[in-house]
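Working notes for the structure below.
Since this is a predicted model, take the numbers as computed values, not measurements.
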There are 2 protein chains.
Amino acid sequence: MAETGANAAGGEGLLFLTDEQLRKGIEAMFFAYRGFTADPDRILEGMDYGRAHHRALHFVHRQPGLTVSTLLAVLGVTKQSLNRVLRTLIDDGLVESRIGRKDKRERHLYLTDKGGALERELSEAQRVRMRAAYRAAGPQAVAGFRQVLEAMMDPDLRRQYLMLRDRA
Amino acid sequence: MAETGANAAGGEGLLFLTDEQLRKGIEAMFFAYRGFTADPDRILEGMDYGRAHHRALHFVHRQPGLTVSTLLAVLGVTKQSLNRVLRTLIDDGLVESRIGRKDKRERHLYLTDKGGALERELSEAQRVRMRAAYRAAGPQAVAGFRQVLEAMMDPDLRRQYLMLRDRA
DNA sequence: TTGGAAAGTCAACAAGGCTGACATAAAATC
DNA sequence: GATTTTATGTCAGCCTTGTTGACTTTCCAA
């Protein structure tokens with residue numbers, strides 16, 4: 001294990017931020033994200049679905065009954081882009097779309113049993129990797145991991161994330 | 001700040017890995033990666049370049065003179081896909097492609113002054129965000145951040161990453 | 001000298017972004 | 001109550017960037 005730089009600077013609480021240190025973080029994000037998505041991608045290839053479907057399933061699972069516009073905001077894509085993905089999920093019977101009772105313009109989204117099954121398969125694959133990484137790095141590292149990631153988010157996205165994070 | 005779970009389990013060194021904890025990590029990765037790419041993307045939109053061009057510039061900068069096939073392996077895309085990107089960068093005078101002296105089949109890639117300038121602009125935007133996140137999270141967190149990310153990579157990618165990480 | 005690796009090209013296609021135009025429901029305004 | 005405005009969702013088409021497959025050229029090395 002090479003020196004981490006952050007600690008090498010010696011100052012507890014004082015961050016020695018060379019461009020080198022930052023660059024390592026940037027490259028770590030790049031390579032790690034590929035690993036992060038690799039397992040679900042592997043499962044989905046062959047099915048007619050992709051990463052976009054996975055994301056939709058994930059957040060519908062997380063927040064059953066959410067409206068399309070809420071999902072839109074969370075995913076940060078256009079409604080047209082989401083629609084294509086959602087369309088296939090609904091047509092294939094993975095997601096159910098119910099018209100709102102109060103406001104009939106809204107569509108509330110739910111996973112069907114079939115949709116729930118796929119979501120579980122995908123997220124379990126992702127959790128296996130995440131669990132292994134957490135175990136390898138240890139609890140202290142895990143806390144730091146999340147802190148840095150949260151600090152890296154755009155403010156709007158962080159709001160979204162925190163709302164979900166501390167729900168229920 | 002909500003409990004982190006890792007520590008909440010109490011066991012120093014014993015990780016209490018609920019699916020909840022893992023899910024938070026997964027969502028943090030998702031939202032953080034959007035922030036991570038947001039600034040360079042913003043700079044690139046309007047130019048005729050995209051994220052793929054940024055990645056190519058980054059690694060050519062990191063390892064001047066690398067061959068196309070090395071870049072291919074690092075980026076993890078097909079040569080046809082890379083070629084399109086590289087083509088425009090070369091044609092626009094951002095990247096120089098020199099035929100290998102020993103092995104004339106190889107093309108060694110270098111940034112031109114112009115290419116270096118764009119690379120600097122992009123990476124500086126990314127560093128600004130990373131620097132802010134590091135500062136906000138603190139040195140302990142930074143070390144943990146990198147540890148978890150490294151543990152999350154596919155073994156092949158981790159090799160690539162470590163070679164770059166500890167270079168020069 | 002011949003086999004195979006490296007590089008590049010062309011063509012076709014897929015996923016998943018995007019914008020623009022439009023339909024409909026609900027809400028707001030006249 | 002009728003009409004305009006806004007919110008929401010859909011359809012059509014384009015762009016980037018990934019993919020495969022087929023093929024050529026160059027040139028190292030057995």
Under 3.5 Å, is there a donor-acceptor pair linking the side chains of [X] and [Y]?
X      : Y      : value
A/E150 : A/Y161 : yes
B/H108 : B/S97  : no
A/H54  : A/E119 : no
A/T67  : A/T70  : yes

Inset, instruction - Check whether the side chain of A/E106 and the base of D/dG9 form a donor-acceptor pair under 3.5 Å. - result: no
Can you tell me how far [atom2] of [N] sits from [atom1] of [X], to the nearest Å?
X     : N      : atom1 : atom2 : value
B/L44 : C/dC18 : CG    : C1'   : 16 Å
A/R98 : D/dG9  : CZ    : P     : 16 Å
A/L82 : D/dT8  : CG    : C1'   : 12 Å
A/Q80 : C/dA21 : CD    : C1'   : 10 Å
B/E45 : D/dT17 : CD    : P     : 12 Å

Between [X] and [Y] (salt bridge meaning N to carboxylate O under 4.0 Å), is one present in this structure?
X      : Y      : result
A/D154 : B/R34  : no
B/E106 : B/K104 : no
B/E20  : B/R23  : yes

Legend entry - Value rounded to 0.5 Å, distance of OG1 in A/T78 from CZ in A/R84: 8.0 Å
Legend entry - B/R120, B/Q126, B/R127, B/E121 screened by side-chain hydrogen bond (donor to acceptor under 3.5 Å, both in side chains) with B/S123, the one that passes: B/R127
Inset, instruction - Produce a footprint string for nucleotides 25-30 of chain D: one letter per nucleotide, 5' end first; B if the base is under 4.0 Å from any protein heavy atom, S if only the sugar-phosphate is, - if neither. - result: -BBS--
Inset, instruction - Tell me whether A/L164 is reachable from A/V77 by hopping between hydrophobic residues (I, L, V, M, F, W, Y) whose side-chain heavy atoms are closer than 4.5 Å. - result: yes
Legend entry - 5'-most by nearest nucleotide on DNA chain C - A/R51 or A/G100: A/R51
Legend entry - First of A/K79 and A/A52 reached from the 5' end of DNA chain C, by closest nucleotide: A/A52
Verify the contact: side-chain N or O of [X] to OP1 or OP2 of [N], cut-off strictly under 4.0 Å; return yes or no.
X      : N      : result
A/T78  : C/dC18 : yes
B/R107 : C/dG8  : yes
A/H53  : C/dA15 : no

Inset, instruction - Determine, stepwise, if the pair A/E124 / A/R131 fulfils salt bridge (Lys or Arg N to Asp or Glu O under 4.0 Å). - result: CA-CA 10 Å; A/E124 183 51 28; A/R131 201 178 286 124; 3.6 Å; yes
Inset, instruction - Pull out every residue in residues 55-75 of chain A that has a heavy atom closer than 4.0 Å to any atom of DNA chain D, ordered by number, or say none. - result: A/V68, A/S69
Legend entry - Neighbours of DNA chain D within residues 83-97 of chain A, by heavy-atom distance under 4.0 Å: A/N83, A/R87
